[in-house]
Structures are given as C-alpha cells and as structure tokens.
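Lettering follows sequence order; numbering is per chain, from 1.
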Amino acid sequence: MWAYVIRRLWQMIPTIVGVVLLVFVLFNLFGGDPAYVLAGKISNPEQIDNIRRQLGVDQPYYVQLGIFFKQILTADFGASWSTNEPVSHILATRLGPSLTVLVPLLVLETLIAIGLALAVAYVRGSLTDRMVMIVCTVGLSVSILVYIIVFQYVFAYQLGWFPVQGWGNDFRENLVRYASLPILILLVVSIAPNLRLYRTFVLDEINQDYVRTARAKGLSENRIMWVHVLRNASIPMITHVMAALPGLLIGAFLVERFFSIPGIGREVILAVERSDFPVIKALTVYVAIATMVANLAADPHVQGRRPAGAAQMSALFDPHPGCAGRPQRGGRR
Amino acid sequence: MNDATMKPPLAARREIPHVVSPGLWTLAWRRLVSDSVAMVSLAIVVAFVLLMAASGLGVIAADWAREVGVNYAPPTFVGPDAAPAAPGAPGRAGEPAAPAGPTPGSAFDSTVVDPIGDVLAELKAEAKGKAEAPPAPGGFVDPLADVMKEIDAAKAAPPEGKSVDPLADVMKDIEAGRGAKEPAAAPAATERRATLPFGADKWGRDVIAKTIKGSETSIFVGLAAALVATFIGTVLGAVAGYYGRWVDDTLNWFYSIFSSIPYLLLILAVAAVLQHKGTMTIVFILGLTGWTGVFRLIRAEYLKHKGREYVQAADAIGASNARRMFRHIFPNVSHVVLVQMSILVVAFIKSEVILSYLGFGVPVDVVSWGSMLNEAQNELLLGKWWQLAAAGGTMAVLVTAFSLFTDALRDALDPKLKGTTGQ
Amino acid sequence: MTKTTTNLADPLVRVRDLSVSFRLDRKTTFEAVRGVSFDIPHDATVALVGESGSGKSVTSLAILGLLPPENAIVDAKSQILYGGRNLARLAASELRGMRGADISMIFQEPMTSLNPVFTVGFQIEEVLRLHMGLSGAAARKRAVDVLAEVGIPEPERRIDMFPSQLSGGQQQRVMIAMAIACEPKLLIADEPTTALDVTIQKQILELIGELQKRRQMSVLFITHDLAVVGEIADHVIVMRDGEIREQGPARDVFERPQDPYTTALLKCRPQIDRRPARLPVIDDFMSGAGIDPGTVLERPRGVAPDDPVVLSVRNLSKSFWSREGLFGRREFRAVKDVSFDLPKGKTLGLVGESGSGKTTVGLTLMRLHEATGGEAHFDGRDILAMSAREFLPYKRRIQIIFQNPYASLNPRFIVGQILTEPMEIHGIGASAQERTELAFELLHKVGLPEVSFYKYPHEFSGGQRQRIAIARCLTLKPDILICDESVSALDVSVQAQVLNLLQDLQAEFGLSYIFISHDLAVVKYISDQVMVMNEGAVVEIANSDEIYRNPREPYTQRLLASIPKGWHGEHARAVG
C-alpha cells in the first residue's frame with residue numbers, strides 16, 4: 001500500500017506544476033501589469049518602477065516563474081497589495097473561522113444525509129421516496145442566495161434568534177453564537193444534493209448479489225442495510241465527502257461574506273474585488289494542493305477498505321477486452 | 001439524430017413490405033411522452049426559452065429600464081403605500097414591515113475582527129460604486145478605484161454601524177442610489193403609477209419586465225455556457241478515451257489541473273483576471289472552467305465502449321478510427337452528453353446568479369437574476385419583498401422544471417437506471 | 001404430469017400451483033412461472049432444468065421468498081409447503097428465521113455473491129450467531145470447521161481473508177460453507193457451477209454430492225446443463241416457458257423421456273462419442289416433422305498431413321504489463337510461443353480454461369491486440385509485420401464472431417446498416433443497390449426473414465443476433481473465421497442451430513475456422529484438429545478424434561476427465 005501512496009504522491013507533482021503554470025499564465029500573462037493595478041493607490045511613476053522592481057515584474061517571464069515557484073516552496077508570497085498584511089498570515093488566521101463553520105457542518109451534514117439516504121432507499125419506489133426526491137429537487141432549485149437572505153432576515157432580524165452577523169475571539173462563542181445560523185443555512189442547502197447522491201450509492205449496492213445472499217442467510221432488513229449495504233456504500237460516500245472538503249472551504253464564501261465571518265472564502269471574494277493577486281494566487285495553489293491530498297486520502301485503496309487482493313490483480317491483468325482493468329498495451333517487439 | 005442522417009441506402013430496396021423499426025431515440029421519446037411530470041417540466045422549460053427569445057428580440061420587456069412606477073411601488077394586490085415614497089424622504093412609511101432592529105446591536109460588537117467593517121457597509125459601498133460606474137465595457141476601468149472607495153466607505157461606516165438602527169445605513173444607501181440615478185431618471189419621471197402588477201424596484205422600474213429581462217440573461221448564459229463546456233468536454237473526452245496512451249495522459253493532466261482547483265475558486269480567479277465585464281465574458285468563464293465533469297464521463301464512456309465487442313467488430317471489418325469514434329461510439333454515448341448538458345445548464349444558471357450577485361458577473365447595465373437578488377437583499381430590510389420573490393421564485397420554477405426534466409430524460413434514455421427500484 | 005414417487009410419506013417440500021408474475025410497467029405483467037407443482041423428497045437431489053426464460057430461477061427464489069418485492073407477484077393460490085407451513089404466505093419475520101437455517105441457497109456468481117468488504121470468517125460467523133446463537137470463539141471454531149469440511153486448505157488462515165483474495169472455486173466453496181453452516185434441510189443451488197471452469201465445476205459438483213449424502217439433506221439443483229444433471233440428480237424436473245414439461249426420477253427422464261422437449265434437449269447437445277453430420281434442432285422434435293437424415297449420418301473430421309495450409313502461426317507471443325511497486329512494471333505473458341497451422345476449409349478448435357490465453361490468440365491474429373512477438377503467414381506474407389494500411393485488404397479475409405451477441409452489434413444501427421457498412425468500407429458491390437441485394441441474400445443464407453433488414457438488434461433473440469453477426473462477417477467473403485466462444489452464451493437448442501449453420505457455411509464457402517471455446521463437447525463436435533492451451537502455452541495439438549480418444553499430456557487428460565458425462569445408468573443412488 002505504501003508503494004501505492006508514494007506512487008500517487010509522485011504522480012501529483014505534474015498536476016501541481018500544472019496548477020502553478022495555470023495560475024501563473026492567468027495572473028502574470030493575462031492579468032495585466034500588476035504595477036498598473038497598484039497604480040490606483042500610488043500614481044508616482046518612480047514609485048511604480050520601484051514596485052515593479054520589488055515584485056520582479058520587470059524581469060523576463062521565466063524569472064518571474066522561478067520566483068513564483070520559490071514563493072510556493074517557501075510559503076512566502078509577500079504581502080497583500082491592499083492591506084500589506086503578509087499573505088501567509090492571512091492564510092493562517094482565516095483558516096480557523098472557516099473550519100469552525102465547516103467541520104461541524106460536514107459532520108452534521110454527512111450523518112443526516114447518510115441516515116436519510118438509507119431511510120429513503122429503504123422505502124424506494126414508494127410515495128415517500130418520490131416526495132422526498134421532489135422536495136430535494138425543488139429545494140435545490142432555490143438559489144443559495146435566497147436561502148441566506150431570507151434566513152438572515154427571518155431568523156436574525158425578525159425573530160432575533162441569532163445575531164445578524166459578527167465574529168469574536170472566543171472559540172466557543174463563535175461556534176455556538178455566530179456559527180450556528182450559517183451552519184443551519186449550509187445544512188439546508190447541502191443536504192438535498194448529497195441526499196440524492198447518497199441515495200443512488202445505496203441503491204447501487206442494494207441491487208448487488210451479495211445483498212441477495214444476505215437475505216438468503218436470513219438477516220433482517222435492518223442488518224442488511226446498516227451493516228452490509230452501508231459498509232459498501234460508505235466507500236463512494238467517504239470518497240465524495242473527502243473530495244468535496246476543499247471545495248467546501250470556498251463554497252461557504254457566500255455565508256462567510258453575509259455573516260462577516262473572517263474566513264478563507266470571504267478572503268477570496270475580498271481579494272477578487274480588490275484585484276489582490278498575491279492572495280488569490282496563494283489561495284488557489286494551496287487549495288488545489290489540499291484538494292489533491294484530500295482526493296488521495298479519499299482513495300479506497302489508500303484507506304485499505306477494498307482489499308486489493310488476488311481478484312483485483314487478476315482483473316488488472318485480464319487480457320479479455322471490455323474488462324474493468326486497462327492493461328497497458330505492450331508494443332511490438 | 002443518427003436515425004435521420006444515417007439511413008442505409010434504401011433508395012433501391014427490393015419491394016418487400018416493411019416498416020423501419022423505431023430507433024432508440026424514438027423509443028426514448030415515447031417513454032418521455034408517457035411521463036406526465038416530464039411533459040409538464042418540458043412545457044415550462046420551453047415557455048422560458050420562448051420568453052428568452054422574445055425578450056432577446058425586443059418583442060417584450062424591451063423598455064424594462066423605464067421608471068414607470070413610484071419608487072418601491074408595491075404590487076397591485078398589496079395596494080399602494082399609505083405614504084408614497086418621495087424622492088429625498090423615502091420610506092419611513094413603509095417601515096412597519098421592516099424590523100425595529102431588536103437584535104442587531106449585538107452584531108456590531110467591538111470584538112469584530114473584520115478589518116473592513118460590516119457587510120452592510122460593504123453592500124453600500126458596492127451599490128454606490130455600481131451606480132456611479134460608467135457602463136462602458138470597452139474602457140479601462142481602474143479596478144482599484146472601487147476598492148479605494150470601499151475602503152473609504154468602510155472607514156466611514158463604523159460610527160454609523162455602531163448605531164442601533166441598521167436602517168440608517170440602508171437609508172443612506174438609498175439616498176446615494178437616488179442621488180446617482182436622479183439626473184438620468186428626471187426626464188422620464190412624469191406620471192408614475194402608485195402600484196404595479198408585481199411592484200417596482202427602488203427606481204420605480206417594473207419588476208415583471210425586469211424579471212423577464214433577467215430571465216433572458218440568466219437562461220442565455222446557462223444555455224450558451226453549457227454548450228461551450230459540453231462541446232469542449234465531449235471532444236476532449238472522446239479523444240482521450242478513444243486514443244488512450246499519451247493523448248489520454250496529456251488530456252488527463254489538463255483535467256486534473258482544472259479539477260483540483262475548486263470550481264468556484266477557479267471561476268473567481270478567472271473573473272479577477274478578466275477585468276472587462278460582459279455577458280459573453282461570463283459565458284466564456286463558465287464554459288472554460290466547467291468542462292471537467294463532461295470530460296470525465298465521456299472519457300470513461302469512450303474507454304468502456306472502445307473495448308465493447310461491437311467496436312471491435314467495427315475494427316475487424318476495417319472501420320477507420322474516425323468512423324469508430326463518431327459513427328459507432330458517439331450515437332451510443334450521445335445520451336450521456338445530452339443529460340450532462342442539461343445538468344450543466346442548471347449549474348451554470350446558479351453560478352451566473354452568484355457571480356452577478358457578487359458583482360463579477362454581468363455588467364451594471366444588464367439585469368440578471370443575480371443582480372436583482374443583490375438589489376432585493378437591501379429592499380427586504382425595508383419590507384419590499386417583491387423583487388426578491390420575483391427573481392428567486394422565477395429561478396426556482398425554471399430550475400425545478402429543468403431538473404425534473406433532466407431526471408426524466410435520463411430515465412427515458414437509459415431505462416436500466418430507472419428504477420433503481422430493483423428489477 | 002408424471003408423479004414423483006417417493007418412499008417417505010411426506011416430502012420435505014411440496015410446491016403446488018406456484019405462479020409468479022412480474023410487473024413490467026403500469027399496464028403489462030409478465031407471467032414467469034405458471035402453475036408449477038413438484039415435490040422435493042427428503043435426502044435427495046432434485047434438478048430443475050431449463051433454458052433461459054424457463055422460470056427455473058424464479059421458482060427457486062420463490063421458495064425462499066427472495067423475489068424482488070417491488071414488482072414480483074406470487075399468485076394467491078400458490079402453495080409452498082414446508083414442515084406444515086405455507087412459505088408463500090408466511091410472515092416476513094418467520095420466513096427470515098428459516099432462511100439460512102432450514103433452507104439455504106447458493107448462487108451462480110460466487111465473486112459478487114459474497115460481500116467484498118467483510119472477511120470470509122465474518123460472513124460465516126454471521127449466520128452462526130443469528131441462527132445457532134454461537135458467538136466469539138465458538139462461532140469462529142465452527143466456521144473453521146465448515147471451511148475445512150468444504151475443502152478449503154488452511155482454513156485457519158483463509159478465514160481472515162477477503163473474498164477477493166480467494167479463487168473462484170474457493171469462493172464458491174465459501175458460499176457452500178456459509179449455506180451448510182447451520183445444517184439446513186434443503187440446499188438450493190442456482191447454477192452454482194456455470195461461472196466456473198470445467199475442472200473446478202467437477203470439484204464443486206463432487207463436493208455438493210458428498211455433502212448431500214453426509215448431511216442427509218436435500219438439494220434443489222438449478223441448471224441449464226443436462227450433462228451436469230445426469231451426474232448428480234435423483235429427480236429431474238424439466239421446465240420451459242414457466243411450465244413444467246416433464247418430471248420424474250432421473251433414470252426415467254434420461255432413458256425414456258416422455259416429452260418431445262426433453263428429448264430435444266437431450267439430443268441437441270453435441271455428444272463426445274458421436275458426430276452427426278447435422279445436430280438435431282428443437283423443431284425436429286416439437287413439430288413432429290420426423291428425424292432429419294443428417295442427424296443420423298456421421299461426419300468424418302480430421303486433418304491430413306497434405307492438406308493445404310491457409311494460415312501458419314509461429315511463436316506467437318503477447319504480453320500485458322501492469323504497474324507494480326514504485327517504478328516497476330510486471331509483465332504478464334498471456335500467450336507464450338504459440339505455433340500452429342490452419343488447413344484450408346478445416347476447423348481448428350482452441351480449448352482451455354479461463355486465463356489460458358485462447359481468446360488472446362484470436363484477437364492478436366485479428367490484430368485487435370498488437371502482438372508482442374511471432375509471425376503469422378497468410379498468403380505468403382506475415383500479417384503481423386504489416387503496417388495498418390497494408391493490413392486493410394487482408395483484414396476482410398480474416399473475420400471474427402464474438403461471444404456475446406448482445407454486445408457485438410451496434411444497438412444504434414439497423415441490421416441493414418450493420419450488413420452494408422463493411423461492404424461500403426471495402427468497396428464490395430458496385431452500388432448501394434447491389435450491396436442491399438447482397439445483404440438480403442445473406443440474411444436469407446443465415447435463415448433470417450428479409451424484414452430483418454429494417455430492424456434494430458434489440459428486436460432479436462440471442463441466436464438470431466449471432467446469425468446477424470455471422471452474416472456481417474460473410475459480407476466480406478472471408479477465408480478465415482475466428483469464432484470466439486461464439487455459441488457459449490446460447491441456449492442448447494439455439495446452439496445446435498448455429499453450429500449447423502456454421503458447418504453449412506464451411507461446406508459452401510470452404511471457410512477455415514478457428515473455434516475458440518471452453519466447452520469441450522462443442523469443440524470436439526465441430527473441430528478437425530484441437531489445440532489445448534494452458535497458461536498461455538500450447539499443451540497439445542492433434543486431430544480431434546485422436547486427442548479425445550487418446551490424450552497424451554496429463555493436463556489434457558485431467559481436462560477431459562472433468563467433462564460432465566451426463567446420464568450413464570450406473571448412477572450412484574437408486575431412488576424409489
């Protein structure tokens with residue numbers, strides 16, 4: 001398994017290089033002269049030249065690219081163009097609030113969606129099942145913006161159950177007081193699609209032969225669902241949750257913005273609004289790396305959940321066409 | 001589609017009684033027709049597309065920007081405001097609907113770490129910036145100008161933010177908006193109606209016309225971007241899956257780059273770089289960043305079909321690569337393409353709404369559901385709910401119909417999946 | 001209907017008027033089983049035989065109440081009596097208590113029937129905990145014991161393995177262990193050996209037979225293969241289209257079949273010791289048209305040393321590589337130095353178990369796989385060394401018919417397109433009209449009506465589709481036809497028709513066949529020469545009659561000994 005992990009990590013390198021190149025091309029080639037962008041603040045031409053020299057944008061592209069790689073490796077992206085705060089400091093301080101919202105969200109959402117998915121799959125084809133699916137579809141069609149606007153208005157302004165917005169320094173206060181309405185909204189928004197997805201995962205498993213075997217053994221439907229089916233369906237579910245993790249970090253940006261939560265997502269929007277390239281570049285590259293690592297962790301082989309045993313090896317070797325394994329073609333001698 | 005274009009040479013057939021059997025598309029269509037939910041959804045979607053076309057051609061809602069009502073004219077069924085909002089002194093009359101601010105004080109704790117200040121201040125600055133921004137897309141707009149203003153505004157905001165009444169901000173905002181709008185509006189401001197069928201926005205524009213115009217933008221962006229993304233994803237996916245080896249490795253490299261950056265972050269990054277706004281820019285951004293899902297599925301389909309016996313049989317009879325790819329495999333995966341495109345339309349409509357809401361989307365002189373929601377957010381605080389309801393509701397109806405139709409389409413094209421209720 | 005005789009007053013299971021239908025959509029239902037009645041006696045093996053769609057599996061699933069509740073309807077009159085209770089009407093919880101304890105079941109695909117994420121031990125201990133109240137060490141010990149009983153070597157070690165770490169035969173043994181762990185009275189085996197190689201099939205059949213005797217339980221054995229039935233069954237029930245055609249003691253059914261369908265099934269299958277010029281087909285018996293003279297005549301088969309050779313293969317090799325470790329690649333040699341000559345107008349049979357490389361040989365000769373090494377001389381030229389362009393004119397002269405007739409025809413083409421496309425590509429026929437005419441001619445030749453031209457593949461049965469695939473090959477007038485398990489997926493009666501067609505075409509066009517199959521009886525019947533392969537290498541190559549009469553290599557001997565012999569009178573148990 002370790003050989004597999006190391007190989008996967010090794011295979012990540014070209015992708016990371018690609019992400020860096022993409023970001024570089026976007027911001028350094030298409031993004032226009034950064035000094036020009038900064039000129040909104042400082043209009044003295046000498047100072048512009050100074051800045052250009054400091055940023056290294058007067059250098060040829062390959063030198064700039066080298067600088068960029070060095071920045072990534074040393075995790076030192078310099079300072080934000082608009083606030084002069086070091087980028088690394090921005091990243092470090094914004095992660096906490098984001099996670100305060102996201103971790104409880106992820107846990108609650110996964111548990112609720114899986115529970116509901118099993119329940120709905122249990123009564124598959126029934127009226128309840130169809131109604132739940134239709135409610136999910138309708139719920140999904142309402143823009144997240146509408147949810148946020150209405151919930152904030154009703155629960156915070158009108159009813160006063162939650163603070164309208166804000167963030168403190170105390171973790172418990174943040175979690176209980178400020179994060180609960182954002183979490184509630186994100187729950188409402190994210191359960192519908194995940195419930196639909198997990199339901200199909202469960203239904204895929206329910207039609208497998210081993211479920212028939214389990215019935216033939218005399219197991220109760222509950223045990224079949226919660227032990228046999230869930231264990232198998234959890235493989236794609238975990239993969240999905242892990243893979244969605246970094247995206248969530250960004251996906252929550254609307255909520256962070258509306259509720260003034262100083263998190264990563266809000267920082268992205270601010271940076272885009274201010275054309276604060278160093279911050280966007282750093283965020284993009286690091287979130288991409290986080291995504292890749294999460295995907296690796298989500299790989300069932302790495303988790304060791306599906307034993308890569310003899311059968312899989314033979315499937316890999318199976319010279320019969322149309323089989324799952326894709327053997328490398330050997331060239332002619 | 002192959003049914004029509006790939007007829008065998010029947011021109012010279014021997015005279016035998018026959019009927020050409022219904023193809024898989026015909027069968028799928030029959031299944032679809034027998035599904036009432038699908039048909040209703042399809043009717044709604046078609047109605048929206050017709051609306052889009054009509055509005056695009058200027059048949060309806062052409063003068064959506066005219067200020068036909070009084071500011072915040074309520075819907076007719078609600079009845080006119082007791083004291084119609086007058087320029088300069090709007091709104092307190094409409095206040096019953098707005099909260100007296102029982103809680104918000106707590107939101108402005110001194111512990112707030114946000115360097116910029118509260119959201120309202122931001123919104124205010126944004127609204128101001130927008131109203132004043134020249135709508136010329138061609139000219140270079142200094143991006144920092146907005147930011148500087150925002151920062152200025154933020155600096156100014158806290159004292160007001162600390163006041164107990166959140167509406168103070170809003171009022172300012174409205175005044176600012178009015179102030180900016182006034183000169184342009186003046187000539188048209190003759191006889192304005194106290195109510196409109198579904199109300200008016202803060203400048204007195206008809207919400208229904210605005211919603212129609214907004215639908216046009218949002219649906220057009222969704223459809224066009226989905227076409228672009230599906231085209232890119234299908235072509236690359238087909239080539240990668242069919243040829244394999246280094247072609248696949250290269251395209252997969254591209255795929256992994258694009259898919260490892262979270263979708264919204266990628267969109268925002270591109271939006272940050274592309275400074276000039278425009279409807280086509282949004283289509284371009286969404287299309288160029290959204291092809292990965294189609295690519296993954298189509299590549300997998302081609303990989304699967306390449307090994308199928310019917311493709312090997314085509315190889316055995318000497319069919320060329322192009323023939324195998326397009327005449328043999330493509331009709332067998334085209335339903336996947338169709339369903340994916342349909343899913344993308346919904347996703348892109350949602351993305352466009354968010355982007356436009358944030359101000360990275362369509363330019364200020366274009367209305368979309370997203371920009372309507374942006375305005376509606378502040379209006380709600382004044383109790384003016386109709387623009388929010390119109391934009392949010394219309395979008396929900398279309399997206400629901402589209403999603404239900406997509407589900408039905410998938411079931412009709414691939415009856416094996418139906419069910420999922422077991423055999 | 002013949003009555004089953006039994007020496008015990010009450011049979012173990014008494015099925016009366018069992019009817020099952022399936023809802024297809026809101027309006028249509030399909031009657032899969034119609035009024036079936038039979039008994040399963042104590043301590044006996046009952047075989048339920050039928051072709052696809054006969055309702056045999058549905059019947060067996062109905063006994064345990066395992067039909068999908070969403071769309072299966074068991075008729076209210078149906079009775080499945082076991083121990084004085086009607087299983088068809090039993091409450092779900094009561095029925096659950098009997099599953100796995102009184103009646104247990106094993107299935108066709110052991111690989112997918114075991115849960116991939118639990119160890120073998122967990123899955124066996126689960127039934128022990130449930131039905132026998134064993135737990136912890138006691139359950140584990142019992143699980144090891146049953147694993148040992150079903151012949152799993154090193155059961156203490158294997159018990160902690162996952163199903164995917166076991167071979168197919170071992171997986172089926174684990175399924176059997178799980179089924180017999182709680183000492184059931186009845187074991188239902190639904191095609192338990194169909195997915196297995198013939199040598200493994202023999203072992204599993206022997207195991208089931210042994211266990212049946214030792215445990216004195218009853219076995220309901222569902223299969224399509226009469227030869228297998230002859231090996232193990234005491235009673236035979238023949239089903240077709242949801243109805244029972246004939247039932248009775250195995251001796252009666254095999255020696256004096258009453259129903260023409262039973263007779264047809266017995267005769268349609270090629271036999272090892274006879275080679276009629278034409279195989280009897282089902283219509284010969286069902287229509288009562290009388291026996292075709294061709295089915296009595298013997299057809300001589302064999303290759304003479306001076307037969308002209310059309311294809312000469314030397315040292316053909318094919319390797320696949322897989323990634324291993326950090327940088328390593330592991331080579332898997334699917335075909336190793338295979339050499340043979342294919343005489344003109346003759347059939348070379350290629351037999352071997354799964355993974356023997358027989359299919360890879362066929363695909364490599366077609367250049368659907370790139371060969372790793374070796375030569376194949378055709379018309380004096382090495383077709384493996386040609387460029388793709390050079391090969392194109394040769395391509396039409398070597399054609400292939402695949403195993404799965406459901407996958408080998410493009411579902412989006414009508415038959416007319418399927419047949420005219422190859423002619424278009426190779427410029428056969430001067431005009432579209434001529435090609436269409438030719439297509440009609442070929443449809444006629446393979447015995448399909450002309451209207452087929454305008455239909456889609458999904459409107460045809462498996463056998464008809466295989467005829468379409470054959471017609472497609474014939475459009476190119478090939479010299480060599482590679483049949484890759486081409487009749488393996490077909491029902492016995494349809495198999496005979498397709499084999500007859502292949503022989504007719506060989507006689508008419510002088511085709512040379514490379515006939516790849518795991519079915520030793522079919523290969524024996526159709527081949528002049530047989531090549532036995534194992535693990536990618538040639539074991540033995542000889543004239544068909546010679547190799548079956550006098551196998552030289554131990555592997556061939558073992559393979560031939562595994563062929564189910566069918567009924568031959570001296571069957572172990574006499575019943576009644």
>> Keeping C:Gln399 on the side-chain end and C:Ile482 on the backbone end, is there a donor-acceptor pair under 3.5 Å?
In response: no
> Short question: side chain of B:Gln340, backbone of B:Val337 - any donor-acceptor pair under 3.5 Å?
Replying inline: no
> Top residue by heavy-atom pair count (under 4.5 Å) with chain B, among C:Glu459, C:Glu421, C:His426?
Replying inline: C:Glu421
> Per the side chain to side chain contact (heavy atoms under 4.5 Å, CB included) rule, which among C:Leu481, C:Leu311, C:Asp484 passes with C:Ile514?
Replying inline: C:Leu311
> C:Leu409 versus chain B, heavy atoms under 4.5 Å apart: side chain, backbone, both or neither?
Replying inline: backbone
>> Quick check for you: among C:Ile400, C:Leu392, C:Asn404, which has the greatest number of heavy-atom pairs under 4.5 Å with chain B?
In response: C:Asn404
> Within 45 degrees of the axis of the six-membered ring of B:Tyr255 and under 6.0 Å from its centre: does B:Arg299 put its NZ or CZ there?
Replying inline: no
